[in-house]
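These notes concern the structure reproduced below.
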Amino acid sequence: MASSMTYIVALATNSGVPMFILNSRKESDNELPFAVVSALNAIHLFASNQDSDLQTCLSDTGAAVAWQVFNSSLTLIAVKDCGGCSELSTCHFRNLLTQVYHCLALTVPEDQLTDTCPNFDAIKKEFRLSYPLIHFLLEPPPHLLGFVQYGVDLSFRHSNQSTLNSTLDAFCEEANTVYGCLTVQGKIVAATEQWMSLDPSELSLLQILCYTRTRDMNASSFEQSVYLPVNSASIPLRCIVLRIAIDLRLVLLCNETHNLHRLEELVKVHWRAHSVLATLSPCDPVALSNWVLGVVVRTVSSRYCWSWFSNNDATLSRQLVSWCRRVRCGVFPCNCVTRTDHVPTETYECGPDMKSYTCRKGDLDIYIVCKEDTPTFLIRSLTNETLCKLTPQLKLSS
């Protein structure tokens, strides 16, 4: 197995027949051999026959393996060469495999996935529509951290937020839909109330779909039928993404009666001539301390995520991703682990290049990385000061 490669395998639970095998590098010549896939499935099947719930294991070569069965019909397996890294815990893998399943559920109706004897040959084509989303989960871009937190990325409040919201509401009203959002570089900068009322997992899926389909797209718009795992698992909706400008997209959920050409004309009327769009970009927060290199704020209940890095440093982003993952999976409880003992509310780490600190304040988790020469005794008060400055900027409503 290639170093640092992550594999996702989907199998029909009853027959063990592979549906697909994907890897994080999108390399068709670096797939897991069929014999390895069969062995992994056999290990899980043997454990099940012994009334054991085998979730994860670590091989003697440092490869981590995780299994999860959905609806007694589809088995997903994750394999990663992590060198025994403890940050890749059961919590992380279970959330990853759940996200992968939701990506599949976005393109296939629920009744086909929950059928005890599903016809996977008939839905393999639909599964292919999910491949870009799954690749995104395996290798997310460095500026989007919401997916590491199993949530959705939002921009900090814009200086013209009221104007953006009113323009979006007016557009959606004329387009005859209540579900709409405006994204810039993949982050939500404005959204209707009904859009934000969707389940966090659905918001995350739609955000990934928009980002992956438009990343290399020159066309002005696209549409795709989608199923929402929570709100519309069996009835397809139309997800329409309209290009307003570079890195700026308008995302709508509509029914079959909406005319795509008419929506493109409405974009010209409501958005293309709007002066506020000329300088629209993911908003940086108010001036923070010079000690601070990067910060991530996450709501525990709704899983909204705001992030900022000094100079948009990709290396810093990856280091903060690693810190967030270790905290989420090893320190703070997550939705797949039940903790009955004392739950910590803060933790920190001093490294050679930076100092990292995380604390939970009510419904907010804040992750912060500071320069290596930041006095350790100062980090807690610095974090509290940073959170106070950022809190007013976490609301997209008018």
Side-chain angles (χ1 to χ4, degrees), residues 142-159 161 184-185 187-191 196 200 203-204 281-313 316-335 339 342-351 353-398:
H143 69 287
L144 297 178
L145 269 71
F147 308 102
V148 178
Q149 300 289 345
Y150 320 117
V152 58
D153 281 281
L154 274 65
S155 172
F156 289 103
R157 184 178 177 86
H158 196 271
S159 57
Q161 192 68 49
V184 56
Q185 295 181 19
K187 295 184 178 183
I188 295 177
V189 69
M196 298 306 292
L203 291 175
S204 178
S281 62
C283 299
D284 289 337
V286 294
L288 302 179
S289 168
N290 291 332
W291 296 111
V292 179
L293 295 174
V295 62
V296 176
V297 180
R298 173 185 181 271
T299 58
V300 178
S301 57
S302 56
R303 304 206 296 271
Y304 299 156
C305 182
W306 297 261
S307 59
W308 170 82
F309 310 99
S310 175
N311 301 320
N312 294 317
D313 190 329
L316 177 62
S317 172
R318 286 190 291 269
Q319 291 174 316
L320 187 50
V321 164
S322 177
W323 170 244
C324 290
R325 182 170 288 148
R326 292 200 302 275
V327 173
R328 285 285 296 137
C329 295
V331 181
F332 288 172
C334 61
N335 56 10
R339 295 282 295 269
H342 173 69
V343 178
T345 58
E346 59 181 341
T347 184
Y348 77 98
E349 178 180 270
C350 295
D353 302 320
M354 65 182 63
K355 294 181 179 179
S356 308
Y357 175 80
T358 298
C359 69
R360 173 162 293 179
K361 299 285 187 179
D363 192 48
L364 293 178
D365 288 345
I366 179 169
Y367 302 77
I368 191 169
V369 288
C370 303
K371 296 177 180 178
E372 70 276 6
D373 57 347
T374 306
T376 303
F377 70 86
L378 185 63
I379 295 179
R380 180 185 285 136
S381 60
L382 187 62
T383 301
N384 291 332
E385 173 190 318
T386 301
L387 184 59
C388 288
K389 288 182 177 181
L390 293 181
T391 299
Q393 294 186 270
L394 304 183
K395 295 180 180 180
L396 296 185
S397 56
S398 299

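Numbers here simply count residues along the sequence, with the first being 1.
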Note, Val152 side chain near Tyr304 side chain (heavy atom, < 4.5 Å):
yes
For Gln185 and Leu144, which heavy atoms make the closest approach, and how far apart are they?
O-CD2, 3.9 Å
Looking only at non-hydrogen atoms, find the nearest pair between Leu378 and Trp291 and report the distance.
CD2-NE1, 3.7 Å
Flag, side chain of Lys355 to backbone of Ile379, donor-acceptor distance under 3.5 Å:
no
Output the distance between atom OG1 (Thr386) and atom CD1 (Ile368), rounded to the nearest 0.5 Å.
4.0 Å
I need the Thr374 OG1 to Leu382 CG distance, nearest 0.5 Å.
7.0 Å
Would you say the side chain of Val184 lies within less than 4.5 Å of the side chain of His158, judging by non-hydrogen atoms?
no
Taking atom CG as the centre, does Asn290 end up with more than 12 heavy-atom neighbours from other residues, nucleotides or ligands that are less than 6.0 angstrom away?
no
If the test is side-chain hydrogen bond (donor to acceptor under 3.5 Å, both in side chains), which one of Asp365, Thr347, Thr345 qualifies with Arg360?
Asp365
Please determine whether side chain to side chain contact (heavy atoms under 4.5 Å, CB included) holds for the pair Met196 and Leu154, giving the CA-CA distance in whole Å, both sets of side-chain angles, and the decisive distance to 0.1 Å.
CA-CA 11 Å; Met196 298 306 292; Leu154 274 65; 4.1 Å; yes
Least distance between heavy atoms, Leu293 atom then Met354 atom
CD1-CB, 4.5 Å
Within a strict 4.5 Å, meaning less than it, do heavy atoms of the Tyr348 and Thr358 side chains meet?
no
Closest non-hydrogen atoms of Leu394 and Phe156, given as atom of the first, atom of the second and distance, are CD2-CE2, 3.8 Å
Closer than 3.5 angstrom, by distance alone: can the side chain of Gln161 be matched with the main-chain N or O of Ala190 as a donor-acceptor pair?
no
To check you understand the geometry: which heavy-atom pair defines the closest contact between Ser155 and Lys187, and what is its length?
N-CB, 4.0 Å
Answer whether the closest heavy-atom distance between the side chains of Trp308 and Val292 falls below 4.5 Å.
yes
Residues Gly151 and Ser204: closest non-hydrogen pair is O-OG, 3.3 Å
Could you measure the distance from the CH2 atom of Trp306 to the CZ atom of Arg298? Nearest 0.5 Å is fine.
10.5 Å
Cys359 vs Ile366 side-chain heavy atoms within contact, under 4.5 Å:
yes
Check: Arg303 and Leu203 side chains under 4.5 Å, non-hydrogen atoms
no
